Amino acid sequence: MATETKEKTHNVYIKEALLLRQALSLCASLVEEKTRLECAFFEAVRTVVVRLTTGGTGEKFTLPEVNERINELLKHSIKSEGVINLFSDVGTEFSLFDPKFLEEIAHMKEKNLAVELLKKLIAEQVSIYRRSNVVKSEKFSEIIQSVMNRYLNGMLTNEEVIQELLKLAKDIAQANAEGEALGLNAEELAFYDALTKPQAIKDFYEHEELIAITRELTDLLRQNRTIDWQKKESARAGMRRLVKRLLKKHKYPPEGMEDAVQTVMSQCEMWTDNVTAAE
């Protein structure tokens, strides 16, 4: 019974310490130095415990040896200002869309750091989508959430989650390149994604017609960008009427796919709200 209790405590600590590190990576600039130092200690202990229990050496370590390793790890994990140096194995400049960089991440010795770095870069890209592209935001948010949930629940190893995240990174890079292939900029691509979210839509319209609707819709919003949707509900209603009129002209959506309009409206609202907020 005592062994089972120790194992349960060990598993809970590993999971909670990992969640703490991930939380810190998202808001490090808002955390006081004392808190960062405490987080660094918990991360150091977690790393040592993981190494000692999954290293495969079969060796047993005494308590003094464990403490010595923790102290040594702390020296290398905390900078003078107390910030955890998560990404010391890679350069200061890195991009989710650089194949060479992604290859380097895949071969990092510290697999847990590779996971953290990939998650951070993907989360940053998803945060951009949350302000610009309804469809891609929903799609990639759901995927990364599913991957990380399986990882935290022990259903994926470090190596497996890295492969999942690398695939997601490549999918995001490919999605970003779609606009160039279609002759659309990022702004227009977001509206194209909304219009074509139901894949069956493409069976009802010629490619050129979908591109034309996309550009007309984008131009319509640009011409009415001064409307303050955030404060005037009547202005929102007026914009919806303009959008619906444009879609009706193109007989969009086809019968039985009326729900597609809501995705387009959501994209219009996201675009207008963020453009207004930026001005």
Side-chain angles (χ1 to χ4, degrees), residues 96-97 122-146 167-279:
L96 185 65
F97 307 128
I122 292 172
E124 288 176 352
Q125 183 60 46
V126 170
S127 70
I128 294 174
Y129 284 145
R130 288 198 185 100
R131 302 189 300 272
S132 61
N133 190 311
V134 166
V135 174
K136 283 187 170 62
S137 172
E138 292 179 354
K139 175 183 177 180
F140 293 124
S141 291
E142 290 175 1
I143 293 175
I144 191 172
Q145 187 64 52
S146 173
K167 181 180 182 303
L168 179 53
K170 292 175 182 177
D171 288 345
I172 291 176
Q174 182 178 354
N176 276 11
E178 289 175 359
E180 184 177 347
L182 293 169
L184 303 173
N185 59 34
E187 192 175 64
E188 293 167 335
L189 180 60
F191 288 106
Y192 180 85
D193 288 341
L195 286 164
T196 60
K197 181 180 180 182
Q199 287 298 308
I201 287 286
K202 296 181 180 180
D203 296 332
F204 292 86
Y205 302 93
E206 295 293 333
H207 171 72
E208 292 74 14
E209 188 172 9
L210 289 170
I211 296 297
I213 299 174
T214 296
R215 289 184 169 139
E216 283 187 43
L217 183 56
T218 309
D219 289 340
L220 175 67
L221 290 176
R222 286 172 181 156
Q223 293 165 12
N224 293 274
R225 66 193 302 164
T226 57
I227 295 178
D228 190 350
W229 280 22
Q230 295 176 325
K231 297 180 180 178
K232 299 179 181 178
E233 184 56 36
S234 60
R236 282 180 176 269
M239 181 63 76
R240 292 190 189 101
R241 285 194 295 271
L242 289 174
V243 172
K244 287 181 179 179
R245 189 180 305 157
L246 184 153
L247 297 178
K248 186 176 181 181
K249 182 181 77 170
H250 290 277
K251 297 180 180 180
Y252 179 99
E255 185 177 350
M257 304 179 74
E258 287 75 13
D259 289 349
V261 173
Q262 183 53 51
T263 301
V264 176
M265 289 298 178
S266 296
Q267 177 60 42
C268 291
E269 292 184 12
M270 172 186 281
W271 184 91
T272 306
D273 285 346
N274 283 289
V275 167
T276 302
E279 294 180 343

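The residues of the chain are indexed from 1 along the displayed sequence. Just so you know, these numbers come straight off a predicted model, no measurement behind them.
The shortest side-chain heavy-atom distance between Leu195 and Ile201 does not fall under the 4.5 Å cut-off. In this structure the side chain of Asp219 reaches within 4.5 angstrom of the side chain of Gln223, judged on heavy atoms. With a 4.5 Å cut-off on side-chain heavy atoms, Met239 and Glu269 do not count as touching. Proximity of His207 to Leu210: side-chain heavy atoms (C-beta onward) are nowhere separated by under 4.5 Å. Proximity of Lys202 to Thr196: side-chain heavy atoms (C-beta onward) are separated by under 4.5 Å at one or more points. Proximity of Pro253 to Leu247: side-chain heavy atoms (C-beta onward) are nowhere separated by under 4.5 Å. Inter-residue side-chain proximity for Asp259 and Pro198 is flagged as unmet; no heavy-atom pair is nearer than 4.5 Å. With a 4.5 Å cut-off on side-chain heavy atoms, Leu189 and Lys136 count as touching.
Other residues, nucleotides and ligands place no more than 12 heavy atoms under 6.0 Å from the CD atom of Gln174.
Between the side chain of Glu180 and the backbone N or O of Glu178 there is no donor-acceptor pair closer than 3.5 Å. Listed for the Ser137 side chain is no donor-acceptor partner under 3.5 Å among the backbone atoms of Val134.
The shortest heavy-atom contact between Gly183 and Glu188 is O-OE1, 4.3 Å. Here the closest heavy-atom approach between residue Ser132 and residue Ala190 is recorded as O-CB, 3.3 Å. Here the closest heavy-atom approach between residue Tyr252 and residue Tyr205 is recorded as CA-OH, 3.1 Å. The two residues Ile211 and Tyr192 come nearest to each other via the heavy atoms CD1-CE1, 4.0 Å. Contact record, Asn133 with Met270: N-SD, 3.3 Å, taken as the closest heavy-atom pair. The heavy-atom pair separating Val264 from Val243 by the smallest distance is CG1-CG1, 4.3 Å.
Note that CD of Glu216 is 12.0 Å distant from CG of Leu221, once rounded to the nearest 0.5 Å. Distance check, rounded to the nearest 0.5 Å: CD1 of Ile143 to CD1 of Ile122 gives 9.5 Å. Atom CZ of Phe140 is separated from atom CZ of Arg130 by 12.5 Å, given to the nearest 0.5 angstrom. Rounding to the nearest 0.5 Å gives a distance of 4.5 Å between CD of Glu138 and NZ of Lys197. How far CG of Leu242 is from CG of Leu220: 5.5 Å, rounded to the nearest 0.5 Å. Annotation: the span from Leu182 atom CG to Thr214 atom OG1 amounts to 8.5 Å, rounded to 0.5 Å.
For the 3.5 Å distance criterion, the side chains of Gln262 and Ser266 qualify, holding a donor opposite an acceptor.
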Does Phe204 form a side chain to side chain contact (heavy atoms under 4.5 Å, CB included) with Glu255? I'd like the steps, not just the answer. CA-CA 10 Å; Phe204 292 86; Glu255 185 177 350; over 6 Å; no

Let me see the working for Gln125 and Ile128 under side chain to side chain contact (heavy atoms under 4.5 Å, CB included), right down to the final yes or no. CA-CA 5 Å; Gln125 183 60 46; Ile128 294 174; 4.1 Å; yes

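Between Asp171 and Lys167 there is a salt bridge, since a side-chain N of the basic residue sits under 4.0 Å from a carboxylate O of the acidic one.
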